Amino acid sequence: MKVIAGVVGNPIAHSLSPAIHNAWIVAAGLDAEYEPFLAPLDDFAGFVADLRDKGVRGVNVTIPFKEEALALASTPSDLARMAGAANVLVFHDGGIRADNTDGKGLLEALATQGFQPGDGPAVILGAGGAARGAAAALVLAGSPQVRIVNRTRERAHALAASLGDKVLDYQHAEDAFADAAVIINATSLGLGGGEGPHAPFECAPGSAVVMDMVYKPLVTDFLDKAAERGHPTVDGLEMLIGQAKPSFEAFFGRPPPAGIDVRAIALEAMR
Ligand code: NAP
């Protein structure tokens with residue numbers, strides 16, 4: 001029987017996930033389909049229950065439902081619990097499994113520039129859902145310290161306090177950047193080609209890997225300034241593809257097929 005999975009969000013038309021997953025489905029020769037699902041803002045739970053009743057195997061979850069998705073889970077992963085959000089729900093007879101593969105995608109993306117969490121302190125700009133997921137993934141993977149810098153300091157403080165003594169909030173990026181091994185933009189600044197967050201790269205070691213979660217445009221103001229100073233950089237599309245891989249495996253019971261240039265496919269879908 002055809003396996004149906006998809007991505008639930010609001011809005012959803014912009015999502016690149018269907019292009020990525022359907023390319024893998026075709027290449028793997030699966031009898032399956034991955035669809036975009038637009039859920040009403042006021043009834044995510046009812047919408048998900050309906051998908052489940054219709055026999056959908058599982059869904060990715062995107063803005064603004066990731067926190068609500070975690071609340072629906074009967075068995076959340078450690079990462080989803082720590083992140084306080086889930087982007088994967090898999091339905092089974094006994095209930096709903098939830099995971100957060102955004103953090104896994106982040107680590108996979110950073111590994112393309114040789115970064116490993118144990119390499120040194122990580123700086124995260126932002127304290128929203130994406131920052132929380134990133135901090136949780138870095139801590140679970142062995143980061144010695146995660147430094148949160150955010151416009152609203154109280155939010156950074158609350159995030160740090162909830163994730164244990166390895167996560168600290170910093171008032172000034174200048175202090176946080178000193179001896180950083182990785183610097184990540186997890187704010188929404190830079191989206192659509194706007195200016196990125198305040199980033200004093202001159203205070204960071206030249207070896208620090210710099211990553212932007214924003215991927216529209218692919219080369220953001222933040223990455224442009226980092227590259228100008230010679231930092232190795234990673235774009236947000238690598239993270240998006242990185243999170244899709246374990247999601248695919250959760251829905252279809254096998255890893256995505258090798259040898260498919262999903263980055264090129266995603267770039268084409270972004271046009
Ligand atoms: P969110 O919960 O709304 O958080 C937004 C963050 O941006 C907050 O820290 C906020 O600071 C900060 N911010 C917004 N406007 C600002 C401004 N004018 N000046 C300074 N800071 C500002 O959003 P999110 O879900 O964490 O997502 C953040 C970004 O990551 C989005 O662009 C999203 O698309 C991207 N993302 C990418 C991936 C991927 O796979 N590449 C995955 C997840 C998310 P305050 O707390 O002070 O408001």
Side-chain angles (χ1 to χ4, degrees), residues 7-17 19-21 60-70 79-80 83-88 99-110 112 123-138 146-160 162-163 167 169-173 176 183-200 210-223 233-248 262-263 266-267 269-270:
V7 55
V8 181
N10 186 332
I12 199 62
H14 67 289
S15 175
L16 298 176
S17 294
I20 293 171
H21 283 272
N60 281 122
V61 179
T62 187
I63 285 173
F65 299 122
K66 291 183 187 181
E67 284 84 4
E68 282 185 74
L70 178 67
L79 196 50
N87 73 321
V88 178
D99 197 6
N100 188 317
T101 64
D102 281 337
K104 294 174 194 169
L106 172 85
L107 297 183
E108 184 162 327
L110 292 174
T112 63
V123 178
I124 298 175
L125 305 177
R132 173 174 289 277
L138 283 160
V146 178
R147 302 167 179 170
I148 311 289
V149 183
N150 193 45
R151 172 179 64 177
T152 310
R153 178 94 192 261
E154 303 81 64
R155 214 173 164 199
H157 185 72
L159 195 167
S162 70
L163 285 180
V167 186
D169 64 294
Y170 275 61
Q171 184 169 6
H172 301 293
I183 300 166
I184 300 162
N185 176 29
T187 74
S188 42
L189 289 176
L191 199 62
E195 202 175 322
H198 172 59
V210 175
M211 147 143 205
D212 202 336
M213 288 199 191
V214 172
Y215 56 85
K216 283 180 188 170
L218 209 53
V219 181
T220 56
D221 168 61
F222 181 73
L223 287 188
T233 62
V234 181
D235 65 46
L237 187 54
E238 280 302 317
M239 175 174 167
L240 186 80
I241 294 168
Q243 66 76 30
K245 290 179 185 170
S247 304
F248 185 92
V262 280
R263 189 175 164 91
L267 284 172
M270 263 169 79

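Since the structure is predicted, the reported quantities are computational estimates derived from the model, not experimental observations. Both ligands and their constituent atoms are indexed starting at 1 by order of listing. Both backbone and side-chain heavy atoms feed into the values below; hydrogens, waters and symmetry mates do not.
Checking only distances, A127 does come within under 3.5 Å of ligand 1, N or O to N or O. The N/O atoms of A130, backbone and side chain alike, include one that comes under 3.5 Å of an N/O atom in ligand 1.
Counting heavy atoms from C-beta outward, S247 and H21 have side chains that approach closer than 4.5 Å. In this structure, the side chains of T112 and V234 come closer than 4.5 Å at one or more pairs of heavy atoms. In this structure, N150 and L159 have side chains that are not in contact, with every pair of non-hydrogen atoms separated by 4.5 Å or more. Looking at V88 and Q243, their side chains never come closer than 4.5 Å, going by heavy atoms from C-beta outward.
Interatomic distance, D102 CG to L240 CG, rounded to the nearest 0.5 Å: 8.5 Å. The CZ atom of R132 lies 13.5 Å from the NZ atom of K66; values are rounded to the nearest 0.5 Å. Atoms NZ and CD, from K245 and E108 in turn, are 4.0 Å apart once rounded to the nearest 0.5 Å.
Remark: atom 23 (O) of ligand 1 lies closer than 4.0 Å to no protein heavy atom. Atom 33 (C) of ligand 1 lies below 4.0 Å from none of the non-hydrogen atoms of the protein. Distance check for atom 45 (P) of ligand 1: a protein heavy atom is found below 4.0 Å.
Side chain of D235 to backbone of E238: a donor-acceptor contact under 3.5 angstrom is found. Judged by distance alone, the side chain of D221 and the main-chain N or O of G196 form a donor-acceptor pair under 3.5 Å. Judged by distance alone, with hydrogens and angles left aside, the side-chain atoms of N100 form a donor-acceptor pair with the main-chain N or O of A85 at under 3.5 Å.
Nearest residue to atom 8 (C) of ligand 1 from K66, K216, R151, R155 is R155 (criterion: closest heavy atom). With atom 39 (C) of ligand 1 as the reference point, the heavy atom nearest to it among M239, R153, M211 is part of M239.
A heavy-atom separation below 4.0 Å is not found between G105 and ligand 1. Residue Q243 places every heavy atom at 4.0 Å or more from ligand 1.
Residue contacts with ligand 1, taken as heavy atom pairs separated by less than 4.0 Å, do not involve P197 at all. Contacts between L189 and ligand 1 below 4.0 angstrom, taking non-hydrogen atoms only, involve the side chain exclusively. Heavy atoms of T187 found under 4.0 angstrom from ligand 1 belong to the backbone as well as the side chain. At a heavy-atom cutoff of 4.0 Å, ligand 1 is contacted by the side chain of N150 but not by its backbone. Counting heavy atoms under 4.0 Å from ligand 1, residue M213 touches it through both backbone and side chain.
Interface of G129 with ligand 1, defined as ligand atoms under 4.0 Å from a residue heavy atom, comprises 2 (O), 26 (O). Listed by number with element, the atoms of ligand 1 under 4.0 Å from a non-hydrogen atom of L240 are 40 (O).
The shortest contact between atom 4 (O) of ligand 1 and any protein heavy atom is with G128 CA, 3.6 Å. What sits closest to atom 5 (C) of ligand 1 on the protein, heavy atoms only, is S188 OG, 4.0 Å. Annotation: atom 28 (C) of ligand 1 to nearest protein heavy atom, A186 O, 3.4 Å.
The side-chain contact (heavy atoms from CB on, under 4.5 Å) test with D212 singles out one residue from L218, L189, N185, and that residue is N185.
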